[in-house]
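For clarity, every value in this text was computed on a predicted model and none was experimentally measured. Values below: all heavy atoms of this structure, side chains included; hydrogens, waters and symmetry mates excluded. Whatever order the structure lists them in is the order used to number ligands and atoms, beginning at 1.
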Amino acid sequence: MKHLAILTGGGDAPGLNAVIRAVVKTAIQEYGCEILGVRNGFDGFLDPGGIFQLDLEAVRGILPRGGTILGTANRGNPFARKVIRNGQVVIEDYSQQIIDNIKSLELDALIVVGGDGTLRIARDLWHLGVPVVGVPKTIDNDINGTDYTFGYDTALNAAMDAIDRLHTTAEAHHRVMILELMGRDAGFIALNAGLAGGADVILIPEIPFRFEAIVRKIRRRVARGTYFSILSVAEGARPQGQEQVYAIEGDAVYTPRLGGIGNEVARYLTEQGGFETRVTVLGHLQRGGSPTAFDRALATRFGAAAVRLAKQGGFGRMVALHGTRVEDISLEEALATPRRVDVNGDAVLTARALGISFGDD
Ligand code: F6P
């Protein structure tokens, strides 16, 4: 193994720089390899100046930094790239061009750090002969092949901190505070931030809710003399029999962007429940900033393990946390089904036992 390359794709997550640093250090110090950085996801293979040499100097001091020194693109699918031809927007397949560029660089392995979308592209390139090794990242924690993705713990802590802050002002003003949280179709952030922050209601995509049940829960609190309530609401949560709420509709290339359910719940609680309600959308504050110790350590272990996996020729696979061990799993298997909150699992049962409502009672 002589030549490696690394790219980061999809939405950023705290810990990407820790992976890059671990990959570069392990590749150079442990295996004496050359390592190239690819800018802005797979787009770097198409752009002039998109590939550059990474050395130890390039990764000095980046461990605690959020973002990614490589840049990322969450719309950079080489199999369906949006381009303008004669003033018209068209979708084109650039995968062959990328495969040719990878061949001409004589790469022994391409380390792809990404969420499910980016790892699916990696899997498809692997089927076309590209020697890829995957590293799972996402704040959503929705990749089934690994117990945890890095980035999730940092996002969760940001969400918990927001709930703590909302608590004091909610109590002072006797208000209902709704915190809308990221996670796409998975409710891990809202569920565990709700547990860790002591929310009164948790709404997640896996458990469709009824507005009336939330009103009943808040009224029960008022009847007990508690005049404030905190709702931890996943952006993908939806009322029973209704669709999720989107801020932006998608198309052939762009995935739709969830957002707005917090306001819908607030409208109902204000109009039908008579509660003074405020909404906070935590948004990209969950993705920015310095990674937690857990995410830094996990990302570092994933980075070093990815280089070892490449050395063993473990292509078409990704590194994964299973229990306390970093192991690996085929991309095919890891991506076969998405990871979702187990509605009968102990976290949900615990929340219910503590009196937290999921809006389904
Ligand atoms: O997948 C990570 C994530 O932050 C989701 O939780 C969220 O729905 C989405 O990305 C937001 O995407 P964008 O950065 O394009 O707004």
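Environment of CD in Q29: crowded, with over 12 heavy atoms of neighbouring residues, nucleotides or ligands closer than 6.0 Å.
In terms of protein heavy atoms, atom 8 (O) of ligand 1 is closest to E235 OE2, 2.5 Å. Counting protein heavy atoms only, atom 6 (O) of ligand 1 is closest to D140 OD1, 2.7 Å. When only non-hydrogen protein atoms are considered, atom 9 (C) of ligand 1 lies nearest to R184 NH2, 3.6 Å. Scanning all protein heavy atoms for the shortest distance to atom 3 (C) of ligand 1 gives R287 NH1, 3.4 Å. From the protein, the heavy atom lying nearest to atom 15 (O) of ligand 1 is N74 ND2, 3.1 Å.
At least one heavy atom of I139 sits under 4.0 Å from some atom of ligand 1. Remark: distances from the non-hydrogen atoms of Q286 to ligand 1 are all 4.0 Å or more. Within the 4.0 Å heavy-atom cutoff, G183 counts among the residues contacting ligand 1.
Every atom of ligand 1 with a heavy atom of H284 under 4.0 Å away is listed here by number and element: 13 (P), 14 (O), 16 (O).
Checking only distances, T138 never comes within under 3.5 Å of ligand 1, N or O to N or O.
Between W126 and F315, the angle of the ring planes lies from 30° to 60°, which puts this pair in the tilted group.
Residues Y31 and R308 meet the side-chain proximity criterion, which asks for heavy atoms closer than 4.5 Å.
In this structure, R296 forms no cation-pi arrangement with F150, as its terminal cationic atom is not both closer than 6.0 Å to the ring centre and no more than 45° off the ring axis.
Salt-bridge check for D361 with R220: passed, with a basic side-chain N closer than 4.0 Å to an acidic carboxylate O. We find that R81 and D43 are joined by a salt bridge, their nearest charged nitrogen and carboxylate oxygen being less than 4.0 Å apart.
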- Taking it one step at a time, do D200 and R221 satisfy salt bridge (charged side-chain N to carboxylate O under 4.0 Å, His left out)? CA-CA 9 Å; D200 307 297; R221 285 173 60 77; 2.8 Å; yes
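Residue contacts with ligand 1 for R257 involve side-chain atoms from C-beta outward but no N, CA, C or O (heavy atoms, distance under 4.0 Å).
The side chain to side chain donor-acceptor pair (under 3.5 Å) test with D295 is passed by exactly one of T300, N157, T149, T154: T154.
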